[in-house]
Each structure stands twice: as C-alpha cells, then as structure tokens.
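Okay, so here's the structure we're looking at.
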Amino acid sequence: MESKDMTGVLFVVEDRASDKHPNLTGNVLIKGEKYYISAWSNVAKSGKKYISLKINEDQKKQANKPTENDDIPF
C-alpha cells in the first residue's frame with residue numbers, strides 16, 4: 001500500500017501482550033519521510049476518552065541508524 005504525502009494509516013493491534021502495548025499502530029508520510037505511529041486508548045480523570053500518540057522515524061531506518069560505537073575501528 002503506497003501512501004500519499006501528509007497521509008497515513010493506523011491498524012488495530014489484535015494481540016496486545018499487555019496494556020502498555022499500543023492499541024493501534026501504523027505509519028504516516030510527511031514531506032517524503034515515513035514515520036511510525038503507536039497509539040493508546042486512554043480515559044482522563046474527568047472520564048473523557050482520548051488517544052495518545054507516539055511518533056518515531058520508520059522502524060527500518062532506526063535499525064540501520066549508526067550508533068555512537070559504529071566508528072570504533074575494532
């Protein structure tokens with residue numbers, strides 16, 4: 001599935017191992033850069049429902065990102 005710029009998708013996570021795992025995950029394309037989204041359903045103290053988000057660089061990019069130790073010659 002190809003995304004258009006400034007659009008994205010979220011999918012329901014069917015097999016959450018714990019309440020700390022997101023309810024929804026997906027990605028969004030912003031100015032040609034792909035970002036990974038995690039979303040949690042929550043309830044405020046007032047009783048009002050809301051969704052909190054965490055946005056990271058796409059997971060594939062993070063796996064290839066150099067670390068501080070990558071330039072050590074041994």
Side-chain angles (χ1 to χ4, degrees):
M1 176 170 26
E2 188 174 322
S3 298
K4 293 182 181 180
D5 205 31
M6 303 304 283
T7 64
V9 295
L10 287 172
F11 297 96
V12 175
V13 176
E14 300 289 338
D15 56 347
R16 292 175 60 208
S18 78
D19 288 341
K20 292 186 178 190
H21 291 143
N23 297 93
L24 305 161
T25 59
N27 58 63
V28 63
L29 188 66
I30 300 174
K31 296 182 181 180
E33 292 291 325
K34 193 173 186 180
Y35 295 91
Y36 184 76
I37 304 171
S38 299
W40 291 262
S41 299
N42 293 298
V43 179
K45 290 179 183 177
S46 65
K48 191 168 187 169
K49 294 179 182 180
Y50 69 96
I51 295 177
S52 61
L53 301 174
K54 181 177 180 183
I55 301 172
N56 294 314
E57 291 183 45
D58 184 57
Q59 288 181 327
K60 291 177 187 172
K61 279 189 176 181
Q62 286 183 344
N64 296 329
K65 194 181 262 190
T67 63
E68 291 179 25
N69 297 329
D70 280 352
D71 52 11
I72 296 175
F74 49 88

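Annotation: the span from L24 atom CG to I51 atom CD1 amounts to 6.0 Å, rounded to 0.5 Å. With values rounded to the nearest 0.5 angstrom, N56 atom CG is found 6.5 Å from S38 atom OG.
M6 and K31 get closest at one heavy-atom pair: SD-N, 4.2 Å.
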Practice item. Using the side chain to side chain contact (heavy atoms under 4.5 Å, CB included) rule, take K54 and W40 through it: C-alpha gap first, then chi angles, then the decisive distance, then the call. Key: CA-CA 9 Å; K54 181 177 180 183; W40 291 262; 3.8 Å; yes
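A heavy-atom distance below 4.5 Å is not found between the side chains of L10 and T25. Residues Y35 and I30 meet the side-chain proximity criterion, which asks for heavy atoms closer than 4.5 Å. Side chains of V13 and N23 form no contact here, defined as non-hydrogen atoms less than 4.5 Å apart. For the pair V9/N27, a side-chain contact is recorded, criterion being any heavy-atom separation below 4.5 Å from C-beta on.
Around atom CG of D5, more than 12 heavy atoms belonging to other residues, nucleotides or ligands sit under 6.0 Å away.
In this structure a side-chain-to-backbone donor-acceptor pair under 3.5 Å is missing from N42 to Y50.
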